[in-house]
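Beneath this line is the structure, given in structure tokens, with notes to follow.
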Amino acid sequence: MTSQLPLRQQFSRAGFVKEAHRLDQLPDDLGQEIAFVGRSNAGKSSVINCLCRRKNLARTSRTPGRTQQFVVFQCAADQRIIDLPGFGFAKVSKSKRQHWDRVIPRYLQTRQSLIGLVLVVDSRHPLKVEELSIVQWCEDVSLPILVLLNKIDKLNQKERAACRKFVGAELDSGSELVSIQEFSATKVQGLEQAFKVLEQWRTGEI
Ligand code: GDP
């Protein structure tokens, strides 16, 4: 049975379990899991740490090699966070990129316990082609996605409005499966609203 605790409390109990390179190395496909993905340096690790109220749960790093794995964090017995390999590294080899391109869509398509994907985007450079592909993959399999426009603290009001307009136009699918939220991991902005979306995934409302 899925733990009845709100995700906010469950996340604050998250602990590292393992790293996996292949899908068959992931924990049994039971319970619920929420995955995080993002372009290198968008702030994915900072966002996970912020949501879990931890400084160093997910390792913030500029070193590409470190994040080429699935990193599994257990929250409750039947609730997990999966930190997906980052993408968009200039220096990653072609074979690693091909591995990513193959494995991530397969994970999104086949993982039964996956209840939603959080796409962490640097709001200064929103929605590059790979990010749009990820949204498309989710829509293709009716998987809820939360696009977190991170580093919003770095934008002034005018830039924020432009970002909102651009992203709104790009993702204008009208689907309730796609949520967009401005966020700052550093200044802890957008946390309540992000948890509201995740909670709807947990309870099956979305
Ligand atoms: P990752 O590669 O996506 O996991 O990115 P990290 O979490 O390691 O963050 C990359 C850099 O962006 C670090 O220097 C973070 O301190 C910084 N960063 C992350 N989130 C924010 C944010 O919301 N605001 C600001 N100003 N900086 C951030």
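Ligands are counted one by one from 1 in listed order, and the atoms in each one are counted from 1 as well. By convention here, the first residue in the shown sequence is residue 1. Only a predicted model underlies this, so the values are computations on that prediction, with no experimental measurement involved. Side chains are part of it too, since the values below use all heavy atoms of this structure and drop only hydrogens, waters and symmetry mates.
Rounding to the nearest 0.5 angstrom, the gap separating the CD atom in Glu176 from the CD atom in Gln200 is 8.0 Å.
Using a 4.5 Å heavy-atom cutoff, the side chains of Leu143 and Leu108 are in contact.
If you number the atoms of ligand 1 from 1 as listed, the ones under 4.0 Å from a heavy atom of Asp153 come out as 22 (C), 23 (O), 24 (N), 25 (C), 26 (N). The ligand atoms of ligand 1 that sit less than 4.0 angstrom from a heavy atom of Ala42 are 3 (O). Interface atoms of ligand 1 facing Thr186, defined by a heavy-atom separation under 4.0 Å, are 20 (N), 21 (C), 22 (C), 23 (O), 24 (N), 25 (C), 26 (N), 27 (N), 28 (C). Below 4.0 Å from some heavy atom of Asn41 lie the following atoms of ligand 1, by number and element: 1 (P), 2 (O), 3 (O), 5 (O), 10 (C), 11 (C).
Looking only at atom types and distance, the side chain of Ser113 has a donor-acceptor partner in the side chain of Arg80 under 3.5 Å away.
More than 12 heavy atoms of other residues, nucleotides or ligands lie within 6.0 Å of NZ in Lys18, so this atom counts as buried by the packing criterion. The number of heavy atoms from other shown groups lying within 6.0 Å of CG (Asp28) does not exceed 12.
Taking only nitrogen or oxygen atoms, main chain and side chain alike, Phe183 does not reach within less than 3.5 Å of ligand 1. Distances between N or O atoms of Ser40 and those of ligand 1 include no value under 3.5 Å.
Counting only non-hydrogen atoms, the option in Ser184, Ala185, Gly38, Ser46 that gets closest to atom 15 (C) of ligand 1 is Ser46.
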Decide yes or no on ring pair (Phe, Tyr, Trp, His ring centres under 6.0 Å) for Phe73 and Phe11, but give the supporting numbers first. CA-CA 9 Å; Phe73 301 101; Phe11 274 27; 9.9 Å; no
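Contacts between Lys187 and ligand 1, counted as non-hydrogen atom pairs separated by less than 4.0 Å, are absent for every part of the residue.
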